[in-house]
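Report on one structure; see the data block that follows.
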Amino acid sequence: MATALIILAAGQGTRMRSALPKVLHRVGGQPLLCHALDGAAPLDPERTVVVAGVGAEAVEAAARAHSPEAVTLRQDEQLGTAHAVLQARPALEGFEGDALVLYGDTPFIRPETLERMIAARRAGHAVVVLGFEAARPGRYGRLVMAGETLSRIVEAKDATDEELSISLCNSGVVCADAATLMELAAAVGNDNASGEYYLTDIVALANARGLGCTAITCPEAETMGVNTRADLAGAEAVFQARARATAMAAGVTLTAPETVFLSHDTAISADTVIGPNVVIGPGVTIGEAAEIRAFCHLEGCRIGPGAQIGPFARLRPGAELAEGVHVGNFVEVKNTTLGPGAKANHLTYLGDASIGAGTNIGAGTITCNYDGVMKYRTEIGRDAFIGSDTMLVAPVRVGDRAMTATGAVITEDVPDEALAVARARQENKPGLAVRLMERLRAAKARDKG
Ligand code: UD1
Ligand code: MG
């Protein structure tokens, strides 16, 4: 049977105190909303509907960039979760199957949990709610159970003291037949403490119609929602703990795991060693048996097997390092390819360049790629040797097996196998150092006297 997703993402997120809609705040380098979409992707939903409201344009753009098949609809006034679900109705026209309601600010619900909900639905329960045992039930809605049956959900604001003592709480995730869900949501009223249309009221409505409701549970860590900056930091910590554990389980050594930061799409192959204090932003792939030493910052780059990076290296978007490349301390690489075995070990900037296999880039080399307006490319062939402190003024090409002398300012192409010397010639003046010092000291003594 087909599944449709309805992701509620219209809320204000007042407590974030942010100009950015809450669901666009990032964890592991991607918006919360995209984590919610990722969690449900393994269910292979036939339709995905995102309900946007506050900051709708930005939310819609993020949803489409992540899931081009997603339909976005607007809830212009945030009248409550049932009202938000109803806004998805036009996108479910002609759809037959189950609908799963998720929240855009709840990033960690695992696909296995959603699959268990769908299984419970298909076992004959009309409405299946995801609950959890809350350590601090606080503001969460409470699940009122009668045996296996979920009788109703009561919001904390509307609950009696007895109901408030229930620790089984509502995660907000609901699964029901799509048409039934819409009928029930349309029947919800707003006669409650908040004057909102509560989606949670569909449970009592379903029971009144003789439709069976039940709850399944998952660990509280999965249902964690983000409402404040402190929650966001907590969610980041949960994400990082999971990502580090996944990397280590896949055969990656993290010397000091709690100091390594990964992204939602980080891919690291087995036997790679990551030292302490390494930050890996989005879009990074690292091959087998590579070594990333302490204090590196990587984003949007590909690192080949056996490469050695750092300590203190910065790889920026478009850095493509082939097998066995060495990039050492205080080296920045952007939009540049380094061929197999190429080395740039110290104090270097490589931007908009291609470096051939086996080429050695000396300390202090800079590709001067930007004239203040335009960017230009530097091309260096294979097995070349770039002398220390070479300035490569792009656009420029250095050939295969060519060399540049230390301190060269290269403004013209260097042919294959040529040595380019491009610096002032040295002149030695015999005895001048001593005579000059005497003159300077005498001048200083005169000034004081
Ligand atoms: C909701 C549940 C509560 C549950 C809690 C779990 C209801 C009535 N209550 O409460 O039982 O324990 O989540 O976190 O459902 N949204 C819209 N439009 C609206 C209102 C909300 O899109 O008009 C979206 C929000 O952006 C958010 C989600 O729905 O993603 C939940 O809304 P929120 O206001 O946070 O509900 P809670 O009060 O936390
Ligand atoms: Mg909430």
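When a ligand or atom number is given, it counts from 1 through the structure's own listing order. From a predicted model like this one, the values you see are computed outputs, not experimental measurements.
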(request) Take R110 and E222, measure what salt bridge (charged side-chain N to carboxylate O under 4.0 Å, His left out) needs, and give me the verdict at the end. (result) CA-CA 7 Å; R110 291 184 312 141; E222 278 186 56; 3.1 Å; yes
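Using bins of under 30°, 30° to 60° and over 60° for the plane-to-plane angle, the ring pair Y140/F132 lands in the perpendicular bin.
Among residues two or more places apart in sequence or in another chain, the ring pair (Phe, Tyr, Trp, His ring centres under 6.0 Å) test is passed with Y370 by none.
Listed by chain and residue number, the protein contacts of ligand 1 are L8, A9, A10, G11, Q75, Q78, L79, G80, T81, A84, Y103, G104, D105, Y140, G141, E155, N170, S171, Y198, T200 (heavy atom within 4.0 angstrom).
With respect to the salt-bridge test (charged N to carboxylate O, under 4.0 angstrom), the residues D105 and K22 qualify.
Atom CD of E77 has 12 or fewer heavy atoms from other residues, nucleotides or ligands within 6.0 Å. Other residues, nucleotides and ligands contribute only 12 or fewer heavy atoms inside 6.0 Å of the CZ atom of R302.
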